[in-house]
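Here is the structure we will look at.
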Amino acid sequence: MTLLSGASGVPVDRVFPYFLTLVALICAPMVVLTTLRAMYDAYLPLPFMDQWAVISLDDCIEHLFSQHNEHRIVVFRLISILDYLLSNGIYVVNYSVSIAMQLAQAAAFTAIVYWAGVRGAVNVVLAGAIALGYMFWAGQWENFLYSFQTQFFAVFLAGTLAFASIAAVRGWAGVGAASLCAALAVGSMSNGVLACVLLLPLAVWLGRPRREIAVLAGVAAALIGLYLFGYRSPDPDLTPLAALLKPLKSLRYTLAYLGQPLEELLRVQIAAVQGHRHLIAIVMGGIGVGLGVGAGAVLLARPSYATPARLVLLHIILFIAASAALTSLGRLTFGVGQALASRYLTPSLIFWLALTFLWWSLLPERFRLAAPASAVCALVLMAGYARYVDDVVQAMRVTRNGAATALLSNVRDDVEFGKIFLDPNVVAARADILRRQRLALFATPWAGWMGTPLAAHATIAPASSCLGAFEAAQAVPDHSSEAAFRVRGWAWDPARAAAPEKIVLVDAAGTIVGYGLTDGPRPDIPAAIPVVTRQEVGWRGHVKLKEPTQVSAFILQEGERSACPLGGARRLGGSV
């Protein structure tokens with residue numbers, strides 16, 4: 001019975017779904033575009049931290065089944081093999097697969113919620129928009145912006161598809177599909193073993209034949225055995241037993257892990273939240289666990305409600321909650337704050353999405369829209385996250401660009417190398433592999449210009465076609481007989497009304513002796529020169545010289561076909 005009506009006499013409960021859908025259709029694309037733009041702006045084919053262990057095709061093949069920390073990252077290495085074969089290791093395949101997996105996760109959730117009984121075109125569109133926005137929210141920036149994080153998407157997608165396969169596909173085909181997805185989960189991250197384990201109670205609850213359950217049990221045992229074969233603890237101090245002896249701290253970590261999404265949304269919007277981050281996340285995690293337990297109790301108490309789709313959603317919730325608890329066993333010594341790392345937002349968002357969709361299908365008709373309405377409110381907050389993402393991208397560029405220009409210029413700069421890996425010696429040694437095989441940063445033509453005439457690659461444009469300056473140089477001890485320098489300045493391309501991305505440094509003979517990248521905010525420049533409309537015009541780079549010479553800076557324009565000289569050429573050289 002309709003209790004409320006609008007001024008026109010149209011029942012509010014009929015108008016509200018359309019309103020929610022409209023808001024979701026506005027916000028979800030904004031969320032997706034914000035993340036895709038951040039991926040584009042942050043893109044730099046340079047290995048970062050753990051990725052220095054897998055920088056070539058040989059690395060991936062030789063260590064395909066090797067342990068990485070506590071994980072078996074077989075799936076990531078297979079994706080990387082494709083990337084090396086198809087794109088010379090510039091991570092295009094990695095990023096494309098990450099996007100595809102999140103699209104697949106959103107599509108899977110939309111299909112599952114429809115299967116669970118949320119019908120009607122408007123509801124399906126609403127569910128799809130919510131799922132798409134959640135899966136692409138840039139709060140998960142570590143997983144979207146670092147190509148090494150592909151496995152974070154893979155393990156949870158594989159878990160979702162494993163549960164959906166055993167629930168939706170009859171006979172041995174379903175067992176085979178579920179087993180394959182479970183294998184992919186185990187081969188992505190350590191918590192993938194939980195998907196194998198949870199497949200068994202799901203199969204029993206679904207009433208699958210005993211022979212199929214027995215096969216699933218055998219597959220789970222085999223996959224767990226393969227995972228444990230030759231396993232070594234990455235750190236004796238990070239043992240699960242030590243965490244089990246601190247159950248309350250482990251519980252706080254688990255709840256903070258699950259409750260992170262709302263905390264992160266509020267933290268960005270409300271400055272006062274900063275001092276209460278852990279508490280908000282823990283409280284929200286507790287609410288989420290309570291909602292999950294409540295849904296499970298309903299399905300147990302009323303067997304007719306326990307449809308296959310709802311059981312899939314429940315087991316996704318269990319998978320994420322168990323993953324959070326398992327993570328606490330290995331990360332507890334880092335403190336509860338570590339549970340708020342952005343990479344953990346991927347599973348916690350899936351947790352809340354599954355909760356939302358499960359309750360959407362369970363609630364009585366008059367209260368049913370409360371579930372998607374809460375999700376749409378979250379989408380509105382996600383759509384306002386863009387400014388924070390810009391700051392994240394800027395920080396990433398500052399962290400990595402110095403190492404990139406040092407490597408391109410063949411300068412050993414341990415200060416900059418230490419920002420992209422804990423041991424600068426590893427970067428210096430392994431970068432030779434990238435350079436010899438023309439991989440990653442060295443795969444682009446621009447990277448091979450060092451030591452060649454600039455005029456062989458680009459026409460020299462008049463100085464009046466650009467603005468900027470070569471402002472300073474600082475000597476760097478790079479462990480060689482040649483002189484090396486860090487250099488900096490600012491640049492603006494009036495034709496594009498933007499800062500140029502790439503800078504080349506040229507000696508008096510016109511030979512390229514260094515590289516620069518634009519990454520720094522310079523608020524003083526637009527304040528003094530009105531035609532410059534952005535602050536991010538500062539550039540940094542490196543130069544390497546065999547003998548003293550005059551060094552000039554050029555910006556690259558028109559797709560690297562033209563080079564414009566900047567003011568402030570400097571005489572550099574001499575031993576450091």
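Both backbone and side-chain heavy atoms feed into the values below; hydrogens, waters and symmetry mates do not.
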Please work out whether the ring planes of Phe470 and Trp539 are parallel, tilted or perpendicular, with thresholds of 30° and 60°.
tilted
Hits for disulfide bond (SG atoms under 2.5 Å apart) against Cys564, two or more places apart or cross-chain, chain-then-number order -> Cys466
Next item on the list: Flag the pair Tyr515 / Trp446 as yes when their ring centroid distance falls below 6.0 Å, and as no otherwise.
Entry: yes
message = Are more than 12 heavy atoms, taken from residues, nucleotides or ligands other than Arg570, located less than 6.0 Å from that residue's CZ atom?
response = yes
field: Polar side chain donor-acceptor pair, Gln338 to Tyr253, under 3.5 angstrom
entry: yes
dist Asn94:CG -> Phe153:CZ (nearest 0.5 Å) comes out at 12.0 Å
Should we say atom CZ of Arg343 is surrounded by more than 12 heavy atoms from elsewhere, each under 6.0 Å from it?
yes
Minimal heavy-atom distance between Ala404 and Leu44, with the atoms involved, is CB-CD2, 3.9 Å
Between the side chains of Arg387 and Asp390, is the shortest nitrogen-to-carboxylate-oxygen separation below 4.0 Å, so that they form an ion pair? no
Distance col, row Leu161:CG vs Leu157:CG, nearest 0.5 angstrom, shows 4.5 Å
Requested in this report: Establish, from distance only, whether the side-chain atoms of Ser323 and Asn191 form a donor-acceptor pair under 3.5 Å.
Outcome: yes
(message) Side chains of Glu264 and Tyr385 only: does a donor on one sit below 3.5 Å from an acceptor on the other?
(response) yes
The residue among Asp423, Leu422, Leu434 that forms side chain to side chain contact (heavy atoms under 4.5 Å, CB included) with Trp52 is Leu434
Tested for side chain to side chain contact (heavy atoms under 4.5 Å, CB included) against Leu454, the lone hit among Leu505, Thr511, Thr459, Val506 is Val506
*Ring-ring centroid check Phe148 Tyr91, cutoff 6.0 Å*: no
- Under a 4.0 Å N-O cut-off, is there an ion pair linking Asp41 with Arg37? yes
